[in-house]
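The structure appears right after this line, and notes come after that.
Whatever order the structure lists ligands and atoms in, that order sets their numbers, starting from 1.
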Amino acid sequence: MKTKSLYYCTQCGNETPKCAGRCPACGAWNTIVEQPAAKREPAGRVRQGRAAKVYSLSEIDHVEEIRFSTGMRELDRVLGGGGVKGSLVLVGGAPGIGKSTLLLQICDALCAASKVLYVSGEESLGQLKLRARRLQVRGEALYLLSETNVEDILESVDETAPDILMVDSIQTLYQSSLDTPPGSVGQVKGCTLALMDLAKRRGITVFIIGHVNKDGAIAGPKVLEHMVDCVLYFEGDSHNSYRILRAAKNRFGATNEIGVFEMQDEGLAEVENPSQMLLEGRPEGASGTCVACVMEGARPVLAEIQALIAPTGAASPRRTCNGFDYNRAAMLMAVLEKRGGMRLSSCDAFMNIIGGLTLDEPAADLAAVLALASSYVDRPVPGDLVAIGEVGLTGELRAVNHLEQRLSEVQRLGFSKCVIPRRNSGKAPRCGDLELIQANTIGEAVRAVLGKA
Ligand code: TYD
Ligand code: MG
């Protein structure tokens with residue numbers, strides 16, 4: 001049988017069936033070479049007879065997953081109720097966001113029950129010691145290793161026999177059998193496979209850090225998502241200290257939970273009350289702001305939506321959205337123009353969600369509409385009011401789910417009025433002295449909140 005030639009890029013490790021002048025993955029010129037025949041079958045992956053047997057579902061014994069707490073409730077929640085023994089978790093995020101801090105910090109609590117090996121390819125042992133001191137990680141059973149070769153790391157794992165392995169970061173590791181540089185697609189995938197194999201074979205829980213970078217010069221966590229059990233992304237912007245941890249994939253739980261942290265001088269602190277944090281410093285009596293209530297997993301979160309409408313000088317008005325879907329905002333503005341009679345097409349519009357949160361739930365529509373309308377008529381939405389509801393194209397307000405939980409969060413944070421869709425009112429629970437304003441359309445809601453136009 002004729003074997004097909006395989007080519008790969010010496011820059012990024014991307015494999016292609018055809019030789020090309022320019023690598024389709026990284027765009028580098030003249031870097032594609034033919035793969036030597038011996039290298040085509042990665043080491044250890046040669047077929048050796050048939051070992052795996054086929055079983056019927058009922059023949060397989062039931063094994064309970066073994067969960068452990070990481071000592072941080074916010075992280076446990078995102079993992080679906082704690083870490084799972086023998087799983088591989090990838091923690092992705094931009095450089096400097098706090099990934100190393102998070103993993104080193106949980107070592108302290110993990111060490112109480114397990115032996116932890118923290119492998120860093122980025123920092124020396126001295127630097128790790130300093131960081132651990134700063135984070136007040138004592139960890140009697142915490143072992144550190146500064147190493148980048150995967151084979152050597154596996155050997156150290158054999159010697160140390162840890163229960164939990166942390167690897168910082170996957171882009172610094174390399175396998176000596178591949179001649180591409182660390183951080184290339186081939187290396188990153190090969191090293192992750194080796195660690196995945198370790199997790200499954202030995203039941204060691206592995207946490208891997210992966211840097212996300214925008215220009216694509218190193219392979220990011222995206223190329224690993226399909227291989228690992230759980231992918232968490234650490235988000236936040238460099239201008240504020242809040243960080244949000246989000247699950248993009250979880251083989252052992254739901255992916256809609258978020259964890260909220262604040263970066264302080266002595267490491268990451270858990271934020272148990274994200275609504276309060278997101279509402280801090282709200283302007284009083286200003287037009288163009290309204291509070292929405294969205295569900296982040298099983299948790300209701302209140303967030304402030306701000307809008308600014310200003311007459312435009314340009315032929316085509318500007319539309320800018322930060323933390324809110326651009327197309328959704330454009331749709332809401334069109335509905336407001338057509339059904340609410342506001343001439344937004346001759347105005348520039350800016351929308352912003354405070355606190356770096358991204359609202360992608362339709363239940364935030366009504367608050368966005370009220371913020372836009374409030375800025376347009378330049379009358380403030382009352383400061384003690386929250387708006388919940390999805391807006392349809394005819395301007396109707398549609399029912400939302402989990403109303404009860406949302407209303408109890410609204411009340412807990414001391415708000416006294418809440419606008420809800422009338423279609424929801426049958427299910428609306430009594431919420432103490434929270435005044436419920438029911439509306440069928442955005443027109444009704446705008447009149448009830450901002451008064452007659
Ligand atoms: P780090 O965890 O090193 O980021 P990553 O591993 O994701 O690249 O965090 C780096 C930033 O966090 C750094 O800019 C300083 C800040 N930081 C604090 O504010 N307080 C702390 O206690 C620590 C350890 C870091
Ligand atoms: Mg780091």
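- For ligand 1, the atoms lying closer than 4.0 Å to a non-hydrogen atom of Glu266 are 22 (O).
- The single protein non-hydrogen atom nearest to atom 19 (O) of ligand 1 is Met263 CG, 3.3 Å, given as residue, atom name and distance.
- Here Lys99 has heavy atoms under 4.0 Å from ligand 1 in both its backbone and its side chain.
- Arg131 and Glu123 are joined by a salt bridge, as a carboxylate oxygen and a charged side-chain nitrogen come within less than 4.0 angstrom of each other.
- Without hydrogens or angle criteria, Lys85 side chain to Ile164 main chain gives no donor-acceptor distance under 3.5 Å.
- Thr289 and Glu304 are linked by a side-chain donor-acceptor pair at a separation below 3.5 angstrom, with hydrogens and angles left out of the test.
- For the pair Arg246 (side chain) and Val78 (backbone), a donor-acceptor distance under 3.5 Å is absent.
- Both the backbone and the side chain of Ser100 come within contact range of ligand 1, each with a heavy atom under 4.0 Å.
- Atom 13 (C) of ligand 1 is not flagged as protein-proximal [any protein heavy atom, distance under 4.0 Å].
- Ligand 1 has at least one atom lying under 4.0 Å from a heavy atom of Gly267.
- At least one side-chain heavy atom of Cys191 sits less than 4.5 Å from a side-chain heavy atom of Gln175.
- Of all atoms in ligand 1, numbered sequentially from 1 with element shown, those under 4.0 Å from a heavy atom of Arg134 are 18 (C), 20 (N), 21 (C), 22 (O), 23 (C).
- Looking only at heavy atoms of the protein, atom 10 (C) of ligand 1 is closest to Gly96 O, 3.6 Å.
- To the nearest 0.5 Å, atom CG of residue Leu434 and atom CG of residue Asp384 are 9.5 Å apart.
- Contacts between Arg131 and ligand 1 below 4.0 angstrom, taking non-hydrogen atoms only, involve the side chain exclusively.
- Note that the CG atom of Leu407 and the SG atom of Cys293 stand 8.0 Å from one another [nearest 0.5 Å].
- For residue Ser100, an N/O/S atom approaches the Mg ion (ligand 2) to within less than 2.8 Å.
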Would Tyr174 and Asn149 count as a side chain to side chain contact (heavy atoms under 4.5 Å, CB included) if you check the C-alpha gap in whole Å, the side-chain angles of each, and the deciding distance to 0.1 Å?
CA-CA 5 Å; Tyr174 72 97; Asn149 181 282; 3.3 Å; yes

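- The residue from Thr101, Leu130, Leu268, Ile209 that puts a heavy atom closest to atom 25 (C) of ligand 1 is Thr101.
- For Leu135, no nitrogen or oxygen atom sits less than 3.5 Å from a nitrogen or oxygen atom of ligand 1, counting backbone and side chain alike.
- In terms of polar-atom proximity, Gly98 is counted as a contact of ligand 1, with an N or O under 3.5 Å from an N or O of the ligand.
- Arg328 contributes no side-chain N or O that, together with a main-chain N or O of Asp360, makes up a donor-acceptor pair within less than 3.5 Å.
- In summary, the side chains of Glu409 and Ser275 do present a donor paired with an acceptor at a separation below 3.5 Å, with no hydrogens or angles considered.
- Of all atoms in ligand 1, listed by their number and element, those nearer than 4.0 Å to a heavy atom of Pro95 are 8 (O).
- Heavy-atom distances between Gln264 and ligand 1 reach below 4.0 Å in at least one pair.
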